[in-house]
**Q** 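Mind having a look at this structure? Questions to follow.
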Amino acid sequence: MRLLGLETSCDETSVAIVSSDGLRSFVVEKSLIASQAAKHAEYGGVVPEVAARCHVNVVFPLLEAAGVSHDGADIDAIAVTAGPGLVPALRIGVEAAKTLAFAWKKPLVAVNHMEGHIASAFIAAVETPPEFPAVCLLVSGGHTELLLMKNFCEYELLGRTRDDAAGEAFDKVAKLLDLPYPGGPQISKHALEGKRGAIDFPRPMLDSKDFDFSFSGLKTAVAVYLKTHPESLSPNPSPNVGGGIEDVCASFEQAVVDVLVEKTIKAVAKTNAKSVIVSGGVSANLLLREEMKNKLSPLPVFFPSLEFTGDNAAMIAAAGAWRAERKEFIDPLKFEADPNLRLA
Ligand code: KG4
Ligand code: ZN
């Protein structure tokens with residue numbers, strides 16, 4: 001099956017063409033991502049109306065650039081992110097997909113963005129895909145969730161953040177440090193030069209019996225530390241002398257990673273999972289990848305390839321293939337974006 005995927009849930013406009021052969025085999029023929037991050041950096045975060053305007057401007061030029069035929073003759077189905085996400089942003093992709101499905105008379109699939117992030121790990125693992133049940137840690141700018149994937153399209157929620165998402169914590173701490181948006185890659189970069197044990201930031205909810213997370217207290221701890229240690233807003237005086245922004249980034253990053261890894265280990269123990277999937281924007285974090293693999297070994301841990309960690313339409317098309325296989329098509333005349341869509 002050859003699917004056209006569209007993704008506009010946040011600040012990336014993306015179009016992809018993906019061929020699927022069964023549920024585990026994907027070939028990404030085209031993947032185009034137009035990021036608006038630089039635009040939103042001016043505001044320090046994503047502004048929904050600005051995002052929508054940017055999506056409108058580029059969605060059809062991207063379809064053209066991807067070489068999508070004007071009659072859709074070589075496309076079997078259209079998959080689009082239906083939610084969760086920012087309503088004004090989601091609607092651009094949804095309306096474009098509805099229009100194409102209506103005009104081309106092609107089946108339309110409404111994809112949950114989080115299922116797209118899960119599917120991104122399957123794109124990278126075509127040879128030996130994750131076995132079920134799999135514990136999925138979804139870590140992005142808007143979500144932090146632990147799910148049990150019992151089979152394709154079958155999920156059970158284990159836990160989620162009670163306040164900020166992990167990526168949001170990276171973004172907010174970056175703001176405190178005067179680093180540009182998005183904060184995750186910036187903090188990781190500075191952390192490479194810092195000492196991870198320099199500051200003892202809290203590991204929120206590490207010992208709680210459930211699988212929930214909380215990151216807003218950690219962000220506040222960083223804010224309090226910066227107030228009492230204003231010198232740490234400057235770079236380390238030299239690589240051997242700590243006390244600068246590098247140590248704050250390294251210690252903060254370690255605290256987030258410790259919580260994510262420990263909770264995942266506990267989830268595996270409780271569910272007897274056969275594999276772990278870590279995906280979403282924060283899964284690009286190299287410390288997280290390293291520690292997940294080391295501490296869960298010999299259990300296989302799957303990540304998307306780096307090009308598909310952030311929001312992209314290839315993962316939406318891949319998840320769309322799972323839903324299309326089940327014939328879960330949606331009538332373009334009755335379909336609206338749902339910002340609160342849940343997987344489980
Ligand atoms: O999945 P995504 O692209 O968009 C959402 O659906 O939210 O995730 C974006 C988030 C941002 O918060 C960004 O700071 C974070 O992913 N991120 C990272 C890294 N790269 C991106 N966080 C930590 N380390 C990274 N290397
Ligand atoms: Zn996302």
Side-chain angles (χ1 to χ4, degrees), residues 5-14 31 33-38 40-41 44-46 48 51 55 80-86 89-90 93 111-121 136-145 160-161 164-177 179-192 196 213 215-216 218-219 249-250 252-261 277-292 303-316 318-319 339-341 343:
L6 286 118
E7 153 68 38
T8 65
S9 68
C10 191
D11 59 347
E12 262 95 31
T13 320
S14 180
S31 166
I33 304 170
S35 177
Q36 313 165 359
H40 298 289
V46 180
H55 288 311
V80 63
T81 305
L86 308 167
L90 285 165
V111 175
N112 182 307
H113 181 81
M114 305 316 290
E115 187 165 59
H117 277 301
I118 294 172
S120 69
C136 304
L137 174 70
L138 302 181
V139 269
S140 71
H143 295 265
T144 296
E145 286 178 4
R160 62 209 307 247
T161 184
D164 292 350
E168 195 177 356
F170 272 95
D171 296 337
K172 286 181 175 173
V173 166
K175 212 168 181 177
L176 293 173
L177 294 169
L179 297 172
Y181 172 87
Q186 295 288 331
I187 288 187
S188 292
K189 194 176 86 187
H190 288 279
L192 289 175
R196 303 204 174 272
F213 301 90
F215 290 106
S216 75
L218 175 56
K219 175 208 66 196
C249 289
F252 165 76
E253 187 178 49
Q254 188 68 56
V256 175
V257 167
D258 281 353
V259 176
L260 295 175
V261 172
I277 295 169
V278 184
S279 57
V282 182
S283 73
N285 188 282
L286 296 182
L287 180 71
L288 179 65
R289 287 183 173 229
E290 204 179 286
E291 300 230 338
M292 278 284 180
F303 301 92
S305 59
L306 286 175
E307 69 179 305
F308 297 130
T309 53
D311 294 344
N312 66 86
M315 70 183 195
I316 300 303
N340 302 313
L341 204 60
L343 258 189

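Whatever order the structure lists ligands and atoms in, that order sets their numbers, starting from 1.
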**Q** Under 3.5 Å between any N/O of G141 and any N/O of ligand 1: does that happen in this structure?
**A** yes
**Q** What protein N/O/S atoms are found closer than 2.8 Å to the Zn ion (ligand 2)?
**A**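 Within the sphere that stays under 2.8 Å of the Zn ion (ligand 2), the protein atoms of type N, O or S are H113 NE2, H117 NE2, D311 OD1.
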**Q** Can an N or O of G280 be found at a distance shorter than 3.5 Å from an N or O of ligand 1?
**A**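 No, since none of the N or O atoms of G280 sits under 3.5 Å from an N or O of ligand 1.
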**Q** Taking 4.0 Å as the limit for heavy-atom contacts, which would you say applies to H143 with ligand 1: side chain only, backbone only, both, or neither?
**A**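 Near ligand 1, H143 shows nothing, with every heavy atom at 4.0 Å or more.
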**Q** To which protein heavy atom is atom 22 (N) of ligand 1 closest, and what is the distance rounded to 0.1 Å?
**A** G184 CA, 3.3 Å
**Q** To which protein heavy atom is atom 13 (C) of ligand 1 closest, and what is the distance rounded to 0.1 Å?
**A** D171 OD1, 3.8 Å
**Q** H117 versus ligand 1: do any nitrogen or oxygen atoms come within less than 3.5 Å of each other?
**A** yes
**Q** In the protein, what heavy atom is nearest to atom 17 (N) of ligand 1, and what distance, to one decimal place, separates them?
**A** G281 O, 3.6 Å
**Q** Touching ligand 1 at all, C10? Heavy atoms, strictly under 4.0 Å?
**A**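 C10 does not count as a contact of ligand 1 under the 4.0 Å cut-off.
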**Q** According to salt bridge (Lys or Arg N to Asp or Glu O under 4.0 Å), who are the partners of E291, at least two apart in sequence or on a separate chain?
**A**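 K295.
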**Q** With only distance considered, is G310 within less than 3.5 Å of ligand 1 through an N or O on each side?
**A**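 Between G310 and ligand 1 (N or O atoms, distance only) the closest approach is not under 3.5 Å.
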**Q** Taking distance alone, with N or O pairs closer than 3.5 Å, would you say F170 contacts ligand 1?
**A** no
